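Because the structure is predicted, anything quoted here is derived from the model rather than measured.
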Number of protein chains: 2
Amino acid sequence: MDTRRLAAFIKVVDVGSVTRAASLLHIAQPALSQQMVALEGEFRQKLLIRSPRGVSLTPAGRALYHHAHIMLRQEAEARRSVSQPGLVVSGEVCVGLAPSSSATSLALPLLRKVRVSGVRTYGTKKVH
Amino acid sequence: MDTRRLAAFIKVVDVGSVTRAASLLHIAQPALSQQMVALEGEFRQKLLIRSPRGVSLTPAGRALYHHAHIMLRQEAEARRSVSQPGLVVSGEVCVGLAPSSSATSLALPLLRKVRVSGVRTYGTKKVH
DNA sequence: GCTAATTACGGGACCCGTAATAATT
DNA sequence: AATTATTACGGGTCCCGTAATTAGC
């Protein structure tokens with residue numbers, strides 16, 4: 001999956017037209033049209049509803065549109081942190097909760113369930 | 001930025017060797033070596049330290065390695081939600097806080113500062 | 001000298017732009 | 001007829017695999 005294609009897809013959706021998006025992206029319309037076809041082939045799903053008045057999204061297209069934004073932001077962040085390694089904070093975050101408080105009984109099961117990478121939960125442990 | 005390249009990069013780093021990674025990815029070693037060179041060209045940064053015993057990461061490479069994992073997970077999630085639109089929850093989340101409580105005075109400035117996409121904060125407003 | 005990486009090079013796939021075609025209002 | 005999108009096709013670039021070369025232990 002190429003972020004360039006995702007950016008093109010987003011532009012097409014935002015302006016609602018392959019023609020205008022191509023003009024804004026400084027590429028020819030057929031090229032952009034092919035990119036959209038290729039994108040649909042990659043996901044094996046129709047993403048755009050074509051009409052002589054422009055394009056609109058299918059449900060699958062809407063889903064991709066959402067994730068495309070996220071991935072493009074991730075890409076930007078990756079470029080920043082790679083071009084200036086050391087500027088970005090990194091390491092571990094450790095969260096401690098007072099035992100037997102309502103926070104513990106609520107947050108601990110929540111943390112265990114939440115789908116985030118690298119989350120580790122430990123049982124109760126006294127800290128002196 | 002192509003996620004395929006990122007996956008290849010991750011594999012190279014994980015096994016610490018271009019040769020073995022190429023074997024695991026079922027591509028020829030020079031092809032993979034070229035991909036890594038291309039990746040370094042794309043970021044204008046040396047990412048790998050080559051030695052006759054394998055490869056290791058530069059600081060920039062470490063940064064990319066971290067973000068590559070995130071982007072690949074995003075890609076997987078995108079594929080899931082696109083291939084089965086409707087299964088994934090979507091929409092807006094609205095958080096309301098009782099006015100003049102400690103939660104408001106703490107959470108509101110926090111939300112304004114937090115770097116998350118699409119977060120909008122509004123002032124106090126009575127809800128009947 | 002052995003291991004692992006890189007360059008050299010030829011074939012195939014992909015991307016783009018121009019030109020021509022189809023479809024809907 | 002006008003607007004928008006698609007197919008057709010030729011040229012350039014990128015990707016891969018095989019073969020030959022370089023670099024460090």
(request) Mark yes when over 12 heavy atoms from residues, nucleotides or ligands other than B/Arg62 sit less than 6.0 Å from its CZ; otherwise mark no. (result) yes
(message) Within the 4.5 Å heavy-atom criterion, are A/Phe9 and A/Leu57 side-chain neighbours or not?
(response) yes
Distance-only check: which donor-acceptor pairs under 3.5 Å involve side-chain atoms of residues 26-42 of chain B, not counting sequence neighbours?
{"residue": "B/Gln29", "atom": "NE2", "partner": "B/Thr19", "partner atom": "OG1", "Å": "2.9"}
{"residue": "B/Gln35", "atom": "OE1", "partner": "B/Arg5", "partner atom": "NE", "Å": "2.6"}
{"residue": "B/Glu40", "atom": "OE1", "partner": "B/Arg50", "partner atom": "NH1", "Å": "3.2"}
{"residue": "B/Glu40", "atom": "OE1", "partner": "B/Arg50", "partner atom": "NH2", "Å": "3.1"}
{"residue": "B/Glu40", "atom": "OE2", "partner": "B/Leu47", "partner atom": "N", "Å": "2.8"}
{"residue": "B/Glu40", "atom": "OE2", "partner": "B/Leu48", "partner atom": "N", "Å": "3.1"}
{"residue": "B/Glu40", "atom": "OE2", "partner": "B/Arg50", "partner atom": "NH1", "Å": "2.8"}
{"residue": "B/Glu42", "atom": "OE1", "partner": "B/Arg5", "partner atom": "NH1", "Å": "3.2"}
{"residue": "B/Glu42", "atom": "OE2", "partner": "A/Arg79", "partner atom": "NH2", "Å": "3.4"}

(request) Mind listing the residues from residues 57-64 of chain B sitting with a heavy atom below 4.0 Å of DNA chain D? Number order is fine. (result) none
(message) Check this one for me: any side-chain N or O of B/Arg53 less than 4.0 Å away from OP1 or OP2 of C/dA4?
(response) no
(request) Return the minimal non-hydrogen interatomic distance between B/Ala63 and A/Ser81, and the atom names on each side. (result) CB-O, 3.5 Å
(request) For residues A/Lys11 and A/Leu24, determine if any side-chain heavy atom of one lies less than 4.5 Å from a side-chain heavy atom of the other. (result) yes
(message) By nearest heavy atom, map A/His26 and A/Pro52 onto DNA chain C; which one lands nearer the 5' end?
(response) A/His26
(message) Using OP1 and OP2 only, check whether a side-chain N or O of B/Arg4 sits under 4.0 Å from D/dC16.
(response) yes
(message) When you compare the side chain of B/Asp14 with that of B/Tyr65, does any pair of heavy atoms fall below 4.5 Å?
(response) yes
(message) Nearest whole Å is fine: how far is C/dG12 C1' from B/Ile27 CD1?
(response) 16 Å
(request) Kindly indicate, with the supporting measurements, whether the criterion side chain to side chain contact (heavy atoms under 4.5 Å, CB included) is fulfilled by A/Glu77 and B/Ile70. (result) CA-CA 11 Å; A/Glu77 207 159 319; B/Ile70 300 176; over 6 Å; no
(message) With rounding to the nearest 0.5 angstrom, report the NE2 to CG distance, A/His69 to A/Leu64.
(response) 10.0 Å
(message) Nearest 0.5 angstrom please: B/Lys46 NZ to B/Thr58 OG1, how far?
(response) 8.0 Å
(request) In whole angstrom, give the distance that lies between atom CD1 of B/Ile49 and atom P of C/dA5. (result) 14 Å
(message) Applying a 4.0 Å non-hydrogen cut-off, can you work out what B/Arg20 is touching in the nucleic acid: base, sugar-phosphate, or nothing?
(response) nothing
(message) If I take atom CG in residue B/Leu24 and atom P in nucleotide C/dA4, what distance separates them, rounded to the nearest angstrom?
(response) 13 Å
(message) Near DNA chain D, counting only heavy atoms under 4.0 Å, which residues of residues 28-46 of chain A show up?
(response) A/Pro30, A/Ser33, A/Gln34
(message) Whether B/Ser17 contacts C/dA5 is assessed here as follows: a side-chain N or O lying under 4.0 Å from the phosphate OP1 or OP2. Is that the case?
(response) yes
(request) Verify the contact: side-chain N or O of B/Thr19 to OP1 or OP2 of C/dA5, cut-off strictly under 4.0 Å; return yes or no. (result) yes
(request) When you get a sec, tell me which of D/dA5, D/dC14, C/dA5 is the closest nucleotide to the side chain of B/Val55? (result) C/dA5
(request) For D/dA23, take OP1 and OP2 only and decide whether either is under 4.0 Å from a side-chain N or O of B/Arg50. (result) no
